[in-house]
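What you are looking at is a predicted structure, and each value in this text was computed from that prediction instead of being measured. When reading the values below, keep in mind they use all heavy atoms of this one structure, side chains included, and skip hydrogens, waters and symmetry mates. Chain letters run A, B, ... following the sequence lines, proteins first, then strands; residues in each count from 1.
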Amino acid sequence: MTCVVAAATSLLLGSPSISDPNPGATNLCLLQMSRHLREAIQVHGLMIKSSQSTDPYSAGRLAEFYAISDHGSLEYAEKVLESVEQVEQPTPFIYNTLIRGNLMRDDPLRSILLYQQMLRGSVEPEHFTFTFVLKACTELLALDFGKQIHGHVVKIGMDSAPFIRNKIIHLYAVCGAISDARKAFDTSTERDIVAWNTMLEGYSRNNDGRSLHALFNEMPYRDAVSWNTMIAYCVQNGNSDEAVDMFRLMQECGELPNKVTLVSVLSAIACLGALSQGKWVHAYIEKRGIELDQNLGSALINMYSKCGCIEGAIDAFNGTKEKSVDTWNSMITSYASNGQSLKALELFTKMEFAGIRPNAITFSCILNACSHSGSVDEGDKLFERMYEDYGIEPDIAHYGCMVDLFARAGLFEKAKEVMARMPFKPDAVMWKALLSASRIHKNYEMGEQAGTQLIELAPTDDAGYVLLSNMYAMADDWEQVYEVRKKMKDRGIQKVPGCSSVELDGIVHEFIVGDTTHARTKEIYEMMDEFGEKLRIEGYEPDTKQVLLDIDDEEVRQSSLTHHSEKLAIAFAFINTKPGTTIRVMKNLRVCGDCHSVIKLLSKIYDREIIVRDSSRFHHFVRGSCSCKGYW
DNA sequence: CTCGGGCTCT
């Protein structure tokens with residue numbers, strides 16, 4: 001096709017003797033067939049020669065090609081407008097096209113300027129014009145300017161047009177003027193489904209769950225978008241359970257989930273760590289023959305990864321037809337967070353080999369993998385290559401990875417060097433990494449400094465206090481433990497209670513520390529006693545320094561330790577699953593050292609694979625050892 | 001004779 005256009009164009013340019021019965025139509029045809037900017041420019045040249053380029057319809061076509069098509073150029077589009085202006089008043093179509101083109105290329109401000117230019121030139125806006133300009137206002141959050149346009153629209157009686165009215169609702173909703181949005185919604189004569197959905201989105205954005213649900217219930221009928229909006233709202237507010245319920249209800253109501261639905265529900269399932277539900281969704285995608293595009297592919301990889309199921313993630317990765325950087329990044333992260341850092345590094349090499357250009361996020365993932373596998377030299381090299389080979393300036397997160405990398409390996413001098421050299425002030429994430437590493441390497445001095453800084457930088461986060469006091473306890477510095485505890489109490493910071501969950505037959509069971517509310521509490525505690533017995537035989541002794549913050553009495557401390565939520569969840573899973581079944585536990589906080597050693601032993605004693613997802617990573621316990629190799 | 005990716009996920 002490309003060759004045809006080029007050949008035809010040069011033929012026409014080179015041989016004025018060839019007679020074309022309708023040269024104007026031929027040119028437009030050639031223009032439409034153009035697949036490259038230079039071809040269009042050649043046709044444009046022909047049109048200029050025959051004075052066709054300022055003819056209103058042809059100029060519109062030219063502007064459209066330049067402003068909208070993939071091989072266009074907004075600069076040329078504006079040139080078309082300029083040349084028309086010199087001859088006559090441009091049509092609204094040319095303006096509409098330019099406004100739309102700039103919107104599509106993420107320059108809404110230019111769209112607005114063109115609209116103003118249009119008005120100055122006394123070109124009458126059409127209702128197409130308003131839809132584009134209102135969208136530009138929405139993207140710019142230009143509420144006042146949008147209100148002016150709204151006024152204009154009302155004045156000329158166009159406010160009842162559904163497209164325009166919906167854009168107005170959207171504008172107000174996005175700008176947070178929810179009552180104005182509702183007014184526009186209430187006063188519209190015919191409310192189509194988009195109007196309802198737009199209003200739903202408004203409540204969702206404004207975090208008004210009550211009005212959102214009320215409106216959803218009032219809807220005369222709902223489509224997939226309506227359901228998706230509700231599901232997304234649940235996900236955004238951390239109500240993963242409710243999101244999954246909505247997803248079920250949606251299907252019961254006969255509405256077919258689409259890709260957007262699936263992406264949302266997968267992220268909810270990932271939060272819950274509900275693997276069997278995630279597998280169901282994967283099977284559903286395959287059954288319906290839905291193609292794994294980049295978004296859906298990444299959502300699946302992410303879900304499997306967060307459920308500790310690396311095989312599933314690999315499947316989803318391989319099943320994603322057109323892999324983007326994000327797809328690769330997701331897979332690299334999956335390996336890294338599941339304790340397979342060397343695989344992550346391997347995949348990065350494959351990625352480079354496949355000619356995919358890594359981005360800043362790729363390097364965060366990969367440097368993180370290096371620190372978790374203790375690949376210090378490799379990480380050092382990659383950090384250099386990041387700028388040298390790919391021109392990516394490291395941001396604070398990358399420096400954080402490097403600090404983590406060195407500190408985890410016990411190279412505190414190197415870590416400090418990085419911090420001194422970097423063009424940023426250390427952030428809480430960095431101090432936290434340093435503090436954790438100090439605890440592992442028993443570098444109390446470094447830990448004290450990091451912990452103090454951490455508490456100053458993130459005074460409302462309980463993690464700093466907990467980590468620091470735990471470290472003091474390890475060092476047997478009980479006076480400091482008390483100080484930290486007091487500071488925490490004075491500032492009204494509460495320790496977030498540990499909470500773990502396991503999924504059984506599609507139902508997620510939750511346990512908090514010392515939980516006695518579950519229907520099968522008695523059996524659970526009996527199981528725990530059995531654990532205790534077997535552990536004692538293995539020669540295990542509880543590490544009571546891990547509890548600290550909430551308890552003084554040694555006896556209570558011990559019992560609290562045995563009742564950590566992950567242990568309850570594991571006991572429950574033991575009661576309800578056949579020997580040999582892999583157990584997956586999701587925890588909101590990091591696993592404590594005592595639980596970590598207990599679970600290691602349990603995996604050995606009972607020959608069970610136990611996978612625990614804590615707040616920062618996965619622990620795959622198999623036959624007495626853990627994939628994190630003691631680093632977490 | 002042309003034009004509304006109308007709302008939902010990342």
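What separates CD1 of A/I285 from C1' of B/dC9 is a distance of 13 Å, to the nearest Å. The distance between atom CD1 of A/I68 and atom C1' of B/dG4, rounded to the nearest whole Å, is 11 Å. Look at CE on A/M303: it is 16 Å from C1' on B/dT10, rounded to the nearest Å. Distance CE (A/M199) to P (B/dT8): 13 Å, rounded to an integer number of Å. As a whole-Å value, the separation of A/M158 CE from B/dC3 C1' is 14 Å. Regarding A/E124, its CD atom lies at a distance of 21 Å from the P atom of B/dC3, rounded to whole Å. Atom CG of A/N329 is separated from atom C1' of B/dT10 by 13 Å (rounded to the nearest Å). In this entry the distance linking CG of A/L266 with P of B/dT8 reads 20 Å, nearest Å.
The side chain of A/F132 sits closest to B/dG5 out of B/dG5, B/dT8, B/dT10. Taking the side chain of A/E64 as heavy atoms from C-beta on, and the options B/dT8, B/dC3, B/dC7, the nearest nucleotide is B/dC3. Of the candidates B/dC9, B/dT10, B/dG4, the closest approach to any side-chain atom of A/N295 belongs to B/dT10. Side-chain proximity of A/R100 to the nucleotides B/dT8, B/dC3, B/dC7 is greatest for B/dC3. You'll find that the side chain of A/V260 is closest to B/dT8, out of B/dG5, B/dG4, B/dT8. Each of B/dT8, B/dT2, B/dG4 was ranked by its minimum atom distance to the side chain of A/F163; first place goes to B/dG4. The listed nucleotides are B/dC1, B/dC3, B/dC7; the one nearest the side chain of A/Y57 is B/dC1.
Within 4.0 Å (heavy atoms only), A/Q294 reaches no atom of the nucleic acid at all. The residue A/D192 sits close to a base: some heavy atom pair falls under 4.0 Å.
Taking the C1' atoms as reference points, B/dC9 lies 15 Å from B/dG5, given to the whole Å.
At a non-hydrogen distance threshold of 4.0 Å, A/F93, A/N96 from residues 79-99 of chain A come into contact with DNA chain B.
Relative to the six-membered ring of A/Y76, A/K79 meets both conditions, a distance below 6.0 Å and an angle of at most 45° to the axis. For A/R357 and A/Y390, the positive end is not near the middle of the six-membered ring at less than 6.0 Å and at most 45° from its axis.
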query: Hey, mind stepping through A/F247 and A/W227 against ring-ring contact (aromatic ring centres under 6.0 Å, His included) and telling me if it holds?
result: CA-CA 8 Å; A/F247 175 65; A/W227 286 98; over 10 Å; no
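When atom types are taken as modelled, the side chain of A/Q89 and the backbone of A/G121 share a donor-acceptor pair closer than 3.5 angstrom. The backbone N or O of A/S276 lies less than 3.5 Å from a partner atom in the side chain of A/E503, making a donor-acceptor pair. Of the possible polar contacts, one joining the A/R105 side chain to the A/A67 backbone as a donor-acceptor pair under 3.5 Å is found.
The neighbour count for A/E124 CD, taken as heavy atoms of other residues, nucleotides or ligands under 6.0 Å away, does not exceed 12.
For the pair A/D293 and A/K259, the salt-bridge criterion is met [side-chain N within less than 4.0 Å of a carboxylate O].
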